[in-house]
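Sharing a structure below in structure tokens format, with a few things to ask.
This one's a predicted model, so the numbers in the text were calculated from it and none came from an experiment. The first residue in the sequence is number 1, and the count goes up from there. Side chains are part of it too, since the values below use all heavy atoms of this structure and drop only hydrogens, waters and symmetry mates.
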Amino acid sequence: MIKTIKVQDLAVGMYIMLPISWFKHPFLKNEFTIKSQDQIDKIIDHGITEIVIDTEKGDRSDAHPTGSPARVPPKTWSPEKLVPPELREAIHDQSLPPEKKSRLVYESSRVLVERLFEDPRTENIREAKKSISEIVDLIIADDATSRELLKITSYDFYTYTHSVNVGVFSVLLAKSVFKGSDAHNMHELGAGFFLHDIGKVRIDPAIINKRGKLTEEEMYNIKSHPYQGYKILKETNQLTEECMIIVMQHHERENGSGYPKMLKGDQIHTYGRICCIADVYDALTSDRSYQQKLNTFEALKLMKETLVSHFHQELFNKFVFLFTQ
Ligand SMILES: [Fe+2]
Ligand SMILES: [Fe+2]
């Protein structure tokens, strides 16, 4: 039966139909079965108040009242199922116009990152790396699609879209900085950029999703994600040491105010500096519950005027230049 309910009554297991256009919500499809409390939160965050559900399609066997913790068993992904087929299809379809291609690559990359973060075992990291390499090749070879990718800023600030955004921005900046030099393995670099926040899988989601001010202990916990990410990649042995530095250093700041090691200036690797600029830019231009998102101009202005001491100047100037082309 089709019926309309209040979003407060949504529960895991319900089959929903979103009332807004595909371009305006952060999900891959307009209709799907709710799998987690996180998805319900996203729907509420998008200002939706009522929603249509199909009770025949929705399996509510594991439904729970809204507000109580979602008890969804951890998801596992076999390496063969990890990469959405649309990702490869979109990358290799020469007939797709850049706008459509970039949108498909973006959405399917987000799904890939989401699955990887749900099950970050060695085989899956290896599989994800192959796809990230293809995305990197696309960004390097196809300027028209890259330009469109740059325009797709996410509608929200969830770890998966954020990972893809930071991956895309960082690869574009690295492409401009290294200009085809053989000294840098762009595939490895791309993997480091896309996976820079993988350590968040080891942080309690209640802390990551907390709306209010974090306690000192919670902050300490969050700030361990660069090290946790480094540990995951080290254990799975899937990235070179140089690219694992990206994960470890993406929150360090040029003036020494970052974490975890409060490194300064040249103590921070160029790869870490690139990721830091992309990370801050994406945080400023994405919707977060406690902050209105800025447009490109406002974000770059704030980074230049207020946060200037946080970034490597030459790299930052090159980053700004990406948006003026
Ligand atoms: Fe981070
Ligand atoms: Fe990040």
Partner residues of Asp119 under the salt bridge (Lys or Arg N to Asp or Glu O under 4.0 Å) criterion, sequence neighbours left out: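 Partners of Asp119 by the salt bridge (Lys or Arg N to Asp or Glu O under 4.0 Å) criterion, ordered by chain and then number, come out as Arg121.
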Is the number of heavy atoms from other residues, nucleotides or ligands under 6.0 Å of Gln267 CD greater than 12?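 More than 12 heavy atoms, drawn from other residues, nucleotides or ligands, come within 6.0 Å of this atom.
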Using a cut-off of 6.0 Å, state whether more than 12 heavy atoms not belonging to Lys318 lie near its atom NZ.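 Atom NZ in Lys318 is crowded, with more than 12 foreign heavy atoms closer than 6.0 Å.
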Salt bridge check, Arg88 against Glu134: does any charged N sit closer than 4.0 Å to a carboxylate O?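 A salt bridge is present here (some side-chain N lies under 4.0 Å from a carboxylate O).
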Which residues satisfy the ring pair (Phe, Tyr, Trp, His ring centres under 6.0 Å) test with Phe311, sequence neighbours excluded?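 For Phe311, the residues satisfying ring pair (Phe, Tyr, Trp, His ring centres under 6.0 Å) (neighbours in sequence not counted) are Phe316.
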Under 3.5 Å side-chain donor-acceptor pair for Thr296 and Tyr281: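 Note: Thr296 and Tyr281 side chains meet the donor-acceptor criterion.
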Salt bridge Arg110-Glu107, side-chain N to carboxylate O under 4.0 Å: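 Salt bridge flag = yes for Glu107 with Arg110.
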Which label fits Tyr227 and Tyr230: parallel for a plane angle under 30°, tilted from 30 to 60°, or perpendicular past 60°?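 It falls in the parallel class, under 30°.
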Looking at Lys151 and Glu148, is there a salt bridge between them, counting it only when a charged N and a carboxylate O are closer than 4.0 Å?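 So Glu148 pairs with Lys151 through a salt bridge.
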Of the non-hydrogen atoms in Met186 and Val171, which two are nearest, and what is the gap between them?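 Here Met186 and Val171 meet closest at CE-O, 3.9 Å.
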Steps toward side-chain contact (heavy atoms from CB on, under 4.5 Å) verdict (Met244, Glu241): CA-CA 5 Å; Met244 287 193 281; Glu241 188 67 32; 3.5 Å; yes
Sequence-distant partners of Val201, side-chain contact (heavy atoms from CB on, under 4.5 Å), two or more places apart: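 By the side-chain contact (heavy atoms from CB on, under 4.5 Å) rule, Val201 matches Phe117, Pro120, Ile232.
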Within the side chain of Thr306, is there an N or O that forms a donor-acceptor pair under 3.5 Å with the backbone of Met303?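 Flag not set: sc Thr306 to bb Met303 has no pair under 3.5 Å.
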Residue Glu216 excluded, over 12 heavy atoms near CD under 6.0 Å: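 Count not over threshold, so no.
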Salt bridge present between Arg273 and Glu252 (N-O < 4.0 angstrom):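 Salt bridge absent between Arg273 and Glu252.
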Heavy-atom side-chain proximity of Val164 to Phe194 below 4.5 angstrom: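 The answer is yes, as the side chains (C-beta and beyond) meet within the 4.5 Å cut-off.
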Is there a donor-acceptor contact under 3.5 Å from the side chain of Lys129 to the main chain of Gln238?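 Here the side-chain-to-backbone pair exists.
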Min side-chain heavy-atom separation Leu104-Asp93 under 4.5 Å: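 The answer is no; the side chains never approach within 4.5 Å.
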Passes side-chain contact (heavy atoms from CB on, under 4.5 Å), Asn165 versus Tyr106? Steps please. CA-CA 8 Å; Asn165 294 342; Tyr106 183 82; 2.7 Å; yes
Can you tell me if CZ on Phe178 sees more than 12 non-hydrogen neighbours from other groups inside 6.0 Å?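 For Phe178, atom CZ is crowded (more than 12 foreign heavy atoms under 6.0 Å).
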Is it the case that the side chain of Asp197 and the backbone of Lys200 share a donor-acceptor pair, with hydrogens and angles ignored and the cut-off at 3.5 Å?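 Between the backbone of Lys200 and the side chain of Asp197 there is no qualifying donor-acceptor contact (under 3.5 Å).
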Audit row: Arg115, Lys81, side-chain contact (heavy atoms from CB on, under 4.5 Å) steps and yes/no: CA-CA 9 Å; Arg115 290 176 180 172; Lys81 295 267 170 65; 5.7 Å; no
Ring-ring centroid check His196 His162, cutoff 6.0 Å: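 Yes - the distance between ring centres of His196 and His162 falls below the 6.0 Å cut-off.
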